[in-house]
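Working notes for the structure below.
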Amino acid sequence: MKIPNYLTTSLAFVGAVSLIIMACSTNSATDSSTNVNSTNSLGKYQLSADGSLHVLDTETGIVKTYGWSGNNSYIYQCTTKTQ
């Protein structure tokens, strides 16, 4: 059975219009609140290595220092509070 061209075209048009309506009907208020929560946890730590490894927690200002143990690992040495 052959489907008429006008039926195929009208169904494609209805599908395209419904996709546009669904895409435009998102609630931007809930989208922005979820993005704020996810971006606050990014960039919390900074690393520095100069023979030993220093890890700065930018939220609390605590620096933890790790020394090279020689067997492909670091050993915790001390904590420094910068704030």
Side-chain angles (χ1 to χ4, degrees):
M1 179 173 139
K2 186 172 179 176
I3 299 175
N5 281 340
Y6 70 88
L7 184 59
T8 307
T9 305
S10 63
L11 288 176
F13 180 73
V14 168
V17 169
S18 65
L19 284 176
I20 292 171
I21 291 172
M22 287 189 322
C24 294
S25 68
T26 61
N27 188 355
S28 61
T30 57
D31 291 343
S32 64
S33 67
T34 56
N35 289 341
V36 170
N37 291 337
S38 63
T39 57
N40 283 342
S41 62
L42 296 176
K44 184 176 176 184
Y45 298 101
Q46 293 181 359
L47 301 174
S48 172
D50 58 354
S52 59
L53 179 68
H54 305 282
V55 180
L56 168 64
D57 185 348
T58 57
E59 189 174 293
T60 61
I62 294 176
V63 178
K64 292 190 178 186
T65 304
Y66 298 87
W68 182 250
S69 69
N71 57 356
N72 295 332
S73 64
Y74 283 94
I75 296 176
Y76 172 75
Q77 290 180 340
C78 65
T79 299
T80 307
K81 187 163 176 104
T82 60
Q83 293 179 348

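All figures in this text were calculated on a predicted structure; none of them were measured in a lab.
Pairs engaging residues 61-71 under the side chain to side chain donor-acceptor pair (under 3.5 Å) rule: H54-T65, S69-N71, S69-S73, N71-S73 [sequence neighbours left out].
With side-chain heavy atoms closer than 4.5 Å counting as contact, directly or through intermediates, the hydrophobic cluster containing L56 also holds V63.
Looking only at distances, no side-chain donor or acceptor of T9 sits under 3.5 Å from a matching main-chain atom of Y6.
Listed by chain and number, the residues in a side-chain contact (heavy atoms from CB on, under 4.5 Å) with V17 are F13, I21 (sequence neighbours excluded). Remark: S10 engages no residue in a side-chain hydrogen bond (donor to acceptor under 3.5 Å, both in side chains) (not counting sequence neighbours). For Y76, the side-chain hydrogen bond (donor to acceptor under 3.5 Å, both in side chains) partners at least two apart in sequence or on another chain are T79.
When all heavy atoms are compared, the tightest approach of Y74 to L53 is CE2-CB, 3.8 Å. Looking at every heavy atom in both residues, S52 comes nearest to G67 through CB-CA, 4.3 Å.
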